Amino acid sequence: MKVLVVGGGGREHALGWKLAQSTLVDELFFAPGNAGTELIGENIPINAEDVEGIIKFAKNVDLVVVGPENPLAIGMINELPPGKGFGPTREATNIESDKAFAKEVMKKVNVPTARFKIFTNYGLAKSYLETINYPQVIKASGLAAGKGSFVVKTKEQALEVLHDLMVNRTLGDAGSKVVIEEYLEGEEVSLLVFVDGKDLAPLIPSQDHKQIYDGDKGPNTGGMGAYAPVPFLDKDEIENILERIFNPTIWQLKREGVIYRGVLYAGLMLTDEGPKVLEFNARFGDPETQAILPLLGSDLIELILATIDGELANVRLKWQPGTAVCVVLASKGYPGKYEKGKEIVGLDDVKNVIVFHAGTRREDDRIVTAGGRVLNTKDTV
Ligand code: AMP
Ligand code: GLY
């Protein structure tokens, strides 16, 4: 098969790295890829969000695997010929791209999640913040590259965040609707599950670390590192999460006319009252994927094809023993402002770890930084 991976981050390098191991894959393309993906396939200079460009190029390949949320949210899968694209449709991606919608879906079928209120009116949201106890969490309802959720410890902080989102529009349209929700305590877990419209195949649970700086002292990022599997979630608990959280959500979507096919990722808080959903994502996690896929013993392409064809019921995933840890190397200043174009040296000297590239670019024979999260190193213990 000829396969196109859409995206250019660490997740897409890891997806390509795993796909390249399959005997079913002859040729790999990345759009746009990075300096790491060009070592295992061909980079095509098409932006991941250029739906028209991708659809045109897709005529040359058998399968298109879409990594990031933005192309899914603008309907790339809807535009591809049926069965050619891996990922949910625009309507199904709403579970990630519209947090308010996701909360309403969960509420209808009693999926455990933080208690919440939704606001599109600044004045009403402000009055609400005047009356409640803290801490709380304020979330931009739209897509914000993992930077749209704010844990607020005081009323003053909350009012400032709300003003930034709804009046200053710091996240643009993403913040025109906000979800204000109860603060939950516990361990966080990411559970990524292949969903073929009816059946489920869970990947091993992982844990992302979203705050920057040692000791979680900084703001939330897209994710600074991850490990898998987590030691505190056993098979029965995963089964329970599939029953209580994934199945009702997928069935409610179906009731609303939306078939979910692809990877559904739940960010969960393991609270004293049991697991509760923090958010859903409509895709593989980044950097969770970089820690999970190196432990996957099964052929990724077979899983993807089974998901597209509705045949997950016949699939059993195989895993290698051990634990994998992914550490993100970021540009100075990330998740705020940072410089690009800095040379990266020493990549050839790295031993016994896999280096997945994220924000990197080749400039002649040099590799330079081209984003906030730059490299993901993965070690297995
Ligand atoms: P989200 O964008 O919804 O995944 O939120 C980003 C991060 O904010 C999560 O990984 C949590 O660390 C934190 N967070 C989100 N919602 C809550 C909540 N209700 N209670 C506590 N922490 C939260
Ligand atoms: N690791 C967080 C995310 O992929 O959204």
Side-chain angles (χ1 to χ4, degrees), residues 7 9-12 14-15 66-70 72-73 87 93 95-103 106 111-117 132-153 158 161 165 171 174-175 178-192 203 205-212 216-228 230 262-273 275-293 326-328 330 335 356 358 372-373 376:
R11 165 184 48 210
E12 286 74 31
L15 285 166
V66 182
E69 59 274 23
N70 283 338
L72 295 170
T93 302
I95 201 77
E96 168 169 7
S97 55
D98 185 348
K99 283 183 196 277
F101 167 76
K103 288 297 242 183
M106 286 187 267
V111 166
T113 186
R115 278 190 295 269
F116 67 99
K117 291 251 189 262
I132 55 180
N133 295 325
Y134 290 87
Q136 293 277 330
V137 187
I138 304 183
K139 299 182 177 187
S141 186
L143 291 180
K147 294 159 208 158
S149 295
F150 303 86
V151 175
V152 288
K153 302 216 165 78
V161 166
L165 287 176
L171 293 175
V178 298
V179 176
I180 301 177
E181 68 180 35
E182 144 194 48
Y183 176 80
L184 300 175
E185 273 175 287
E187 279 287 341
E188 263 187 79
V189 178
S190 302
L191 191 62
L192 283 60
L203 298 175
S206 54
Q207 190 173 52
D208 184 13
H209 292 75
K210 292 212 166 88
Q211 281 176 280
I212 200 163
D216 287 345
K217 297 261 161 50
N220 272 337
T221 68
M224 298 314 297
Y227 71 93
V230 299
V263 168
L264 180 59
Y265 154 167
L268 302 164
M269 190 71 93
L270 305 181
T271 73
D272 290 345
E273 298 169 0
K276 295 189 180 181
V277 177
L278 296 175
E279 65 161 352
F280 280 118
N281 292 317
R283 52 174 173 80
F284 287 99
D286 188 342
E288 288 94 328
T289 305
Q290 293 89 306
I292 293 172
L293 289 186
C326 165
V327 176
V328 172
F356 291 125
R373 293 189 289 173
N376 312 146

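In listed order, ligands and their atoms are each counted from 1. Every heavy atom of this structure was used, including side-chain atoms; hydrogens, water molecules and symmetry mates were not. All values reported here derive from a predicted model rather than from experimental measurement.
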Side chain N281, main chain R283, donor-acceptor under 3.5 Å: no

Pair K139 + E279, salt bridge at N-O below 4.0 Å: no

Element-labelled atoms of ligand 1 that are located less than 4.0 Å from some non-hydrogen atom of Y183: 20 (N), 21 (C)

Short N or O distance, K210 and ligand 1, threshold 3.5 Å exclusive: yes

Nearest non-hydrogen partners of E288 and A226, listed with the distance: CA-CB, 3.9 Å

Exam field: side chain T221 to backbone K210, donor-acceptor pair closer than 3.5 Å: yes

Sole candidate of K117, K276, K103, R115 that passes salt bridge (Lys or Arg N to Asp or Glu O under 4.0 Å) when paired with E181: K103

Side-chain (R373) to main-chain (V328) donor-acceptor, under 3.5 angstrom: no

Any E182 heavy atom less than 4.0 Å from ligand 1: yes

Atoms of ligand 2, numbered as shown, that sit under 4.0 Å from any heavy atom of G222: 1 (N), 2 (C)

Atom indices of ligand 2, in the order listed, that fall short of 4.0 Å to a heavy atom of N281: 5 (O)

Atom pair CD1 (I292) and OG (S190), whose distance is rounded to the nearest 0.5 Å: 7.5 Å

Donor-acceptor pair, side chain of S141 and main chain of D98, under 3.5 angstrom: no

Heavy atom of the protein closest to atom 17 (C) of ligand 1 (residue, atom name, distance): L278 CD2, 3.4 Å

Reported OG-to-CG distance for the pair S97 and L72, which is rounded to 0.5 angstrom: 9.0 Å

Atoms of ligand 1, numbered as shown, that sit under 4.0 Å from any heavy atom of K99: 1 (P), 2 (O), 3 (O)

Which residue and heavy atom of the protein sit nearest atom 3 (O) of ligand 1, plus the separation: K139 NZ, 2.9 Å

Nearest non-hydrogen protein atom, atom 19 (N) of ligand 1: E181 OE2, 2.8 Å

Nearest heavy-atom neighbours spanning F284 and Y265: C-CD1, 4.3 Å

M269 to ligand 1, any heavy atom closer than 4.0 Å: yes

Any E185 heavy atom less than 4.0 Å to ligand 1: no

Shortest protein heavy-atom distance from atom 8 (O) of ligand 1, along with the residue and atom involved: N220 ND2, 3.4 Å

Identity and separation of the nearest protein heavy atom to atom 1 (P) of ligand 1: S149 OG, 3.3 Å

Any donor-acceptor N/O pair, Q211 side chain to G218 backbone, under 3.5 Å: yes

Numbered atoms of ligand 2 (with element) below 4.0 Å of D208, judged on heavy atoms: 1 (N), 2 (C)

Side chain, backbone, both or neither: E188 near ligand 1, heavy atoms under 4.0 Å: side chain

Distance (rounded to the nearest 0.5 Å) between F280 CZ and E96 CD: 11.5 Å

Under 4.0 Å to a heavy atom of G285 - the qualifying atoms of ligand 2, by number: 4 (O)

Protein contact to atom 18 (C) of ligand 1 [nearest heavy atom, distance to 0.1 Å]: V137 CG2, 3.4 Å

Nearest-contact summary for atom 21 (C) of ligand 1 - protein heavy atom, Å: L184 O, 3.2 Å

Element-labelled atoms of ligand 2 that are located less than 4.0 Å from some non-hydrogen atom of R283: 3 (C), 4 (O), 5 (O)

N/O separation below 3.5 Å, R11 to ligand 2: no

